[in-house]
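To start, the structure under review is shown below, and the notes come after it.
The analysis underlying the following values was restricted to heavy atoms, covering all of them including side chains, and did not include hydrogens, waters or symmetry mates.
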Amino acid sequence: MLWRRLGTANAPKQERGDIDLGPIVAQLNTQRQQQSQELQRLENEIQQVREAVSQIEANVNRQNGESEAKRYELKQLEQNLFNQKGAVAQLWGRVNVYQEMLQPVQDNLNGLRQKLEAVAGELDRVQQTGDEQDRVVSDLRQVLSALITA
């Protein structure tokens with residue numbers, strides 16, 4: 001029966017008490033040792049895979065943390081940009097209001113400048129006329145002085 005289980009149908013005919021189980025036990029021990037070595041190799045491989053998975057999980061967790069920090073920073077930058085856009089819009093509104101308010105003042109200043117330039121021109125003309133009159137008066141004094149002394 002044992003020979004049939006081992007795969008040899010034609011077992012040597014031996015008497016009942018003379019069966020030598022030594023080769024079978026040796027073969028079983030060899031198989032057990034090979035299976036034990038294979039099991040040890042597989043356990044080592046499993047341990048290596050577990051360590052690799054653990055490192056990968058740590059890297060993924062670290063990268064997730066970094067990504068979350070970057071995402072938070074990006075949201076903060078977006079909020080700052082939104083706030084600054086609002087502030088710029090307010091400033092442009094103020095600039096436009098100031099321009100509208102200052103335009104009449106600028107127009108008045110331009111009108112005053114033109115009037116002052118005209119007055120300055122008149123003053124120059126009056127000054128020239130005064131200078132001419134002073135010269136004429138001086139000439140008349142000289143003539144009168146010359147006539148009186150003569």
Side-chain angles (χ1 to χ4, degrees), residues 1-139 141:
M1 190 192 284
L2 182 61
W3 287 109
R4 269 189 267 152
R5 285 188 181 170
L6 289 176
T8 55
N10 298 328
K13 302 264 178 176
Q14 295 181 355
E15 292 184 23
R16 254 182 151 190
D18 293 342
I19 296 177
D20 183 17
L21 297 177
I24 294 172
V25 170
Q27 186 180 5
L28 287 174
N29 284 337
T30 301
Q31 284 180 353
R32 184 180 300 141
Q33 188 176 18
Q34 288 173 348
Q35 288 177 347
S36 176
Q37 289 172 348
E38 182 66 16
L39 179 64
Q40 185 65 36
R41 186 187 65 77
L42 289 174
E43 285 175 350
N44 287 340
E45 254 184 66
I46 288 171
Q47 184 61 32
Q48 289 173 352
V49 168
R50 282 182 181 155
E51 289 172 1
V53 166
S54 178
Q55 288 177 351
I56 290 170
E57 283 178 346
N59 285 339
V60 167
N61 289 337
R62 180 184 51 79
Q63 289 175 350
N64 282 341
E66 290 173 359
S67 295
E68 195 60 36
K70 294 282 185 187
R71 207 172 286 124
Y72 177 76
E73 182 181 351
L74 184 59
K75 283 185 179 184
Q76 291 296 329
L77 290 173
E78 285 176 350
Q79 184 63 40
N80 288 343
L81 179 62
F82 178 76
N83 292 341
Q84 288 177 355
K85 281 183 179 181
V88 167
Q90 285 179 345
L91 290 174
W92 273 114
R94 286 182 187 170
V95 165
N96 290 332
V97 167
Y98 291 153
Q99 282 180 338
E100 289 174 10
M101 290 171 52
L102 290 176
Q103 189 60 47
V105 173
Q106 185 68 38
D107 293 342
N108 287 338
L109 283 175
N110 288 339
L112 287 174
R113 183 175 291 127
Q114 289 174 355
K115 288 178 184 177
L116 285 174
E117 287 172 357
V119 168
E122 283 297 314
L123 282 175
D124 283 345
R125 195 174 55 80
V126 168
Q127 183 70 34
Q128 288 173 357
T129 303
D131 289 346
E132 259 182 58
Q133 287 174 354
D134 285 344
R135 209 175 3 152
V136 167
V137 168
S138 176
D139 288 346
R141 279 190 185 154

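Counting only residues at least two apart or in different chains, salt bridge (Lys or Arg N to Asp or Glu O under 4.0 Å) contacts with residues 38-49 comprise E38-R41, R41-E45. Residue pairs meeting the salt bridge (Lys or Arg N to Asp or Glu O under 4.0 Å) criterion with at least one member in residues 100-124, sequence neighbours excluded, are E122-R125. Residue pairs meeting the side chain to side chain donor-acceptor pair (under 3.5 Å) criterion with at least one member in residues 128-137, sequence neighbours excluded, are Q127-D131. Listed by first and then second residue, the salt bridge (Lys or Arg N to Asp or Glu O under 4.0 Å) pairs involving residues 56-66 are R62-E66 (not counting sequence neighbours). Pairs passing the salt bridge (Lys or Arg N to Asp or Glu O under 4.0 Å) check and including a residue from residues 70-97, sequence neighbours excluded, read E68-R71.
Atoms CG and CG, on L91 and N96 in that order, are 11.0 Å from each other to the nearest 0.5 Å. Between Q103 atom CD and N110 atom CG the span is 8.5 Å, to the nearest 0.5 Å. N59 CG to S54 OG: the interatomic distance, rounded to the nearest 0.5 Å, is 9.5 Å. In this structure, the separation between CD on Q99 and CE on M101 is 12.0 Å, given to the nearest 0.5 Å. The distance from the CD atom of Q84 to the CG atom of L77 is 9.5 Å, given to the nearest 0.5 Å.
Partners of N80 under the side chain to side chain donor-acceptor pair (under 3.5 Å) rule, at least two apart in sequence or in another chain, do not exist in this structure. Every side-chain contact (heavy atoms from CB on, under 4.5 Å) that V60 has, sequence neighbours left out, goes to I56, N64. Residues forming a side-chain contact (heavy atoms from CB on, under 4.5 Å) with Q47 (at least two apart in sequence, or on another chain): R50, E51. N29 is linked by a side-chain contact (heavy atoms from CB on, under 4.5 Å) to V25, R32, counting only residues two or more places apart in sequence or in another chain. When the side chain to side chain donor-acceptor pair (under 3.5 Å) test is applied to Y98, no partner is found at least two apart in sequence or on another chain. Under the rule for a side-chain contact (heavy atoms from CB on, under 4.5 Å), the partners of L109 that lie at least two apart in sequence or sit in another chain are V105.
Defined by atom type and a distance below 3.5 Å, a donor-acceptor pair is missing between the side-chain atoms of N44 and Q48.
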